[in-house]
2 protein chains.
Amino acid sequence: MSTPSIRAASVKDVATAAGVSLGTVSNVLNRPDRVSAATRERVERAMVDLGFVRNESARQLRAGTSRTLAYVMLDAGNPFFTDVAQGIEAAAEAAGLSLVLCNSGQLAARESRHLDLFQQQRVQGLLVTPIDPESPTLGAVRDRGTPLVIVDRTRDDTTFCSVAVDDVLGGRLAIEHLLDRGHTRVAFVGGPLGIGQVRDRLQGARLAWADAGLPVDDLTVVITDSLDVDAGRGAGQRLAGLPSARRPTAAFCANDMTALGLLQQAISSGTRVPEQLAIVGYDDIQFAAAAAVPLTSVRQPRVELGRAAAALLIDEAGNDGHEHQQVVFTPELVARESTRT
Amino acid sequence: MSTPSIRAASVKDVATAAGVSLGTVSNVLNRPDRVSAATRERVERAMVDLGFVRNESARQLRAGTSRTLAYVMLDAGNPFFTDVAQGIEAAAEAAGLSLVLCNSGQLAARESRHLDLFQQQRVQGLLVTPIDPESPTLGAVRDRGTPLVIVDRTRDDTTFCSVAVDDVLGGRLAIEHLLDRGHTRVAFVGGPLGIGQVRDRLQGARLAWADAGLPVDDLTVVITDSLDVDAGRGAGQRLAGLPSARRPTAAFCANDMTALGLLQQAISSGTRVPEQLAIVGYDDIQFAAAAAVPLTSVRQPRVELGRAAAALLIDEAGNDGHEHQQVVFTPELVARESTRT
DNA sequence: TTGTAAGCGTTATCAT
DNA sequence: ATGATAACGCTTACAA
């Protein structure tokens with residue numbers, strides 16, 4: 001049993017206890033092969049006796065290298081981002097690195113606090129899903145020496161590595177699926193348009209609509225204030241209020257939370273899904289498949305997204321010949337009950 | 001614009017650039033009042049010119065104090081824990097501390113890796129929702145000097161601070177609610193029984209059942225392998241297979257994920273909820289209210305749980321007269337459509 | 001108000 | 001195979 005001491009045991013304490021020099025202790029820590037089995041054992045015993053815990057600050061200061069990656073999430077409450085984090089962690093673990101997480105919660109002040117902290121900690125690299133991908137603070141981080149990759153967002157220039165999913169294509173897929181099912185009056189539900197991804201998904205929807213040669217007015221656009229469940233409910237009421245001749249027979253929602261809200265409103269008001277209203281969501285979160293009417297959704301390769309981001313970061317941090325890459329993944333439509341013909 | 005240099009600028013570099021001594025630079029960092037406005041300004045200019053980022057390892061090594069708390073989550077994909085984390089972060093932020101997160105994902109190896117890492121980083125304190133609250137590794141952490149509080153779990157002894165919710169009472173509330181609604185054949189759905197919380201919720205259910213003087217056999221117990229959506233679906237099929245005379249008219253699920261699965265199975269097989277099957281969940285996650293039939297659920301004060309845990313930890317880390325406390329919160333039943341009479 | 005210098009715990013180089 | 005010693009970048013007395 002170790003005795004909680006007033007001051008944590010240091011290598012020096014271990015050395016004294018084991019009757020060896022401090023350098024030898026460091027060797028059992030870092031090059032165990034360089035030390036004889038007998039002394040190694042003695043040192044290791046002393047370590048557990050004293051409850052020795054290596055001081056990472058000192059190690060890092062001297063060695064000049066950190067063994068951790070950090071991911072600043074946009075919204076830890078959204079299952080999408082925790083899946084991305086899981087992919088990052090898998091890649092980090094495979095490379096012998098640890099991942100620590102932080103949540104900006106969409107607050108710029110918190111985002112920059114966390115960015116600062118991690119820079120000061122000299123993490124090997126930083127992943128971030130930024131509130132604003134164009135923000136100059138990201139460039140500042142990298143200029144100061146911390147490799148940084150942008151996750152699930154893109155930037156207009158190519159000065160960063162980034163991984164994202166083709167949202168224009170995703171919008172296309174959703175609408176093409178509904179057209180295939182014979183729908184000719186469709187609603188896009190989502191917002192605000194300040195979010196680049198919402199814009200892209202809408203654009204993709206419009207492109208597919210135009211390609212089909214349908215009257216542009218038959219694609220109703222319902223802009224919401226946010227992308228949560230309440231927004232979906234509200235949109236449902238707005239759709240229900242339309243004259244039946246103009247009422248859409250299908251809706252494409254900019255994310256699953258919104259789609260779930262719309263679904264709930266429909267069911268509780270007696271609208272049958274998919275017979276009277278087909279619904280397509282976006283993200284394919286776990287709850288989409290588990291909804292009362294399993295939701296057709298555009299799936300993004302979340303875990304793979306994280307994995308790729310981590311790989312890019314590890315390359316940027318370790319490879320001198322590194323060149324920035326903007327990786328764009330392809331989304332995929334998962335058809336379920338909510339759009340069954 | 002700062003120039004990305006081959007080696008990060010140090011206080012010494014800043015001192016040289018500003019034409020002052022290294023001690024003065026440190027003063028503008030730590031005691032800005034001790035230095036004249038003129039030199040302070042000069043030093044600050046030099047800092048931005050050089051893109052100076054304070055080295056936290058060196059700071060911490062010398063000052064001996066960390067400004068961060070860490071939370072090792074059990075399952076980052078479960079919205080319950082991210083809400084808890086939010087409460088922790090709020091309390092940490094209020095105390096001028098940062099919070100970093102890690103996910104054990106129910107893997108003991110990962111849990112202990114993360115625990116090790118944070119100990120080595122000498123974080124001010126550690127919060128953890130452990131895979132096994134009785135594990136001796138928790139005691140080892142604390143013995144080695146890192147304050148640790150247990151979150152959403154309890155331990156048999158009182159050697160730790162902990163915060164949890166009264167699960168026996170929660171089970172009681174669920175069953176009493178169903179009894180109030182007139183149900184006399186009820187199923188408990190959840191498992192495995194290795195999880196203390198599942199045991200407690202079941203125990204509460206049984207106590208309430210016994211108090212009502214009903215035949216013990218009329219409380220059907222359906223044990224599941226896990227607490228996810230699939231488990232709920234499977235349980236639904238098992239219930240449907242019972243002879244109608246013995247088939248429960250209501251089910252109490254050990255968490256919302258399971259309840260959502262049960263609900264989905266019921267709806268897709270034509271069982272009307274709540275008319276033919278009433279459902280009570282547990283946790284009151286956001287998706288519970290957003291389900292096709294909004295779910296009655298036992299709510300735990302998640303954010304408050306986190307806040308309280310952080311407060312305990314901060315006290316343990318900073319207050320010499322600290323005494324361990326086991327805080328137990330009271331759950332609350334939120335009635336919704338799924339149990340409407 | 002500012003400068004000087006010691007030391008935090010570790011790693012790594014060089015002797016032995 | 002092991003021991004002595006000089007950094008790493010910073011904070012903090014203490015001296016000027």
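A, B, ... follow the sequence lines: proteins, then strands. Residue 1 opens every chain. None of these values were measured; they are calculated from a predicted model.
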Checklist entry - Are any side-chain N or O atoms of B/Gln197 and backbone N or O atoms of B/Asp152, one a donor and one an acceptor, separated by less than 3.5 Å? => result yes
Checklist outcome for this item: In the 5' to 3' direction, the nucleotides of DNA chain D bounding the stretch that comes under 4.0 Å of a heavy atom in chain B are D/dG9 to D/dT12
Item to check | Distance (rounded to the nearest 0.5 Å) between B/Leu305 CG and B/Phe329 CZ | outcome: 6.0 Å
Checklist entry - Are the side chain of A/Glu111 and the backbone of A/Ile131 linked by a donor-acceptor contact shorter than 3.5 Å? => result yes
Checklist entry - To the nearest 0.5 Å, how far apart are CG in B/Leu126 and OG1 in B/Thr68? => result 9.5 Å
Checklist entry - Got a second to check how far B/Gln121's CD is from B/Thr146's OG1, nearest 0.5 Å? => result 11.0 Å
Item to check | Whether B/Ser104 side chain and B/Met73 backbone form a donor-acceptor pair below 3.5 Å | outcome: yes
Checklist entry - Is there a donor-acceptor contact under 3.5 Å from the side chain of B/Gln326 to the main chain of B/Phe160? => result yes
Checklist outcome for this item: So, with a heavy-atom separation below 4.0 Å from DNA chain D, the residues of residues 26-36 of chain A are A/Arg34, A/Val35, A/Ser36
Next on the checklist: Expressed as a whole number of angstroms, how long is the span from B/Asn55:CG to C/dT10:P?
Outcome noted: 16 Å
Next on the checklist: Using a 6.0 Å cut-off, check whether atom CD of A/Glu134 has over 12 heavy atoms from anything other than its own residue.
Outcome noted: yes
Item to check | Donor-acceptor under 3.5 Å (A/Arg31 side chain, A/Val28 main chain) | outcome: no
Checklist entry - So, does B/Arg153 use its side chain to make a donor-acceptor pair with the main chain of B/Thr129 at under 3.5 Å? => result no
Checklist entry - End-to-end bend of the helix from C/dT1-D/dA16 to C/dT16-D/dA1 (five-pair axes, 10° rounding)? => result 40°
Next on the checklist: Taking 4.0 Å as the cut-off, does a side-chain nitrogen or oxygen of B/Ser21 come that near to OP1 or OP2 on C/dG3?
Outcome noted: yes
Item to check | d(CZ, B/Arg122; C1', C/dT10) in whole Å | outcome: 11 Å
Next on the checklist: Please compare A/Arg54 and B/Val20 by the position of their nearest nucleotide in DNA chain C and report the one closer to 5'.
Outcome noted: B/Val20
Next on the checklist: Just N and O in the side chain of B/Thr39: are any of them under 4.0 Å from OP1 or OP2 of C/dT2?
Outcome noted: yes
Next on the checklist: Out of the candidates A/Gln124, A/Arg59, A/Gln60, A/Arg122, only one should pair with A/Thr65 under the side-chain hydrogen bond (donor to acceptor under 3.5 Å, both in side chains) rule; please name it.
Outcome noted: A/Arg59
Next on the checklist: Donor-acceptor check, side chain of A/Asn103 to backbone of A/Ala76, threshold 3.5 angstrom: yes or no?
Outcome noted: yes
Checklist entry - Of the residues in residues 11-19 of chain B, which ones touch DNA chain D at a heavy-atom distance under 4.0 Å? => result B/Val11
Checklist outcome for this item: Applied to residues 89-109 of chain A, the salt bridge (Lys or Arg N to Asp or Glu O under 4.0 Å) test, sequence neighbours excluded, yields A/Glu89-B/Arg110, A/Glu93-B/Arg110, A/Glu93-B/Arg113
Next on the checklist: Is it the case that the side chain of A/Ser26 and the backbone of A/Leu22 share a donor-acceptor pair, with hydrogens and angles ignored and the cut-off at 3.5 Å?
Outcome noted: no
Checklist entry - Roughly how far, to the nearest 0.5 Å, is the CD atom of B/Glu304 from the CG atom of B/Asp83? => result 12.5 Å
Checklist outcome for this item: To the nearest angstrom, the CG-C1' distance between B/Leu22 and C/dA5 comes to 10 Å
Checklist entry - For B/Arg40 and C/dT1, is the shortest distance between a side-chain N/O and OP1 or OP2 below 4.0 Å? => result no
Checklist entry - Which residues in residues 59-67 of chain B have at least one heavy atom lying under 4.0 Å from any atom of DNA chain D? => result B/Arg59, B/Arg62
Checklist entry - Hey, are the side chains of B/Cys161 and B/His322 touching, using non-hydrogen atoms and a 4.5 Å cut-off? => result yes
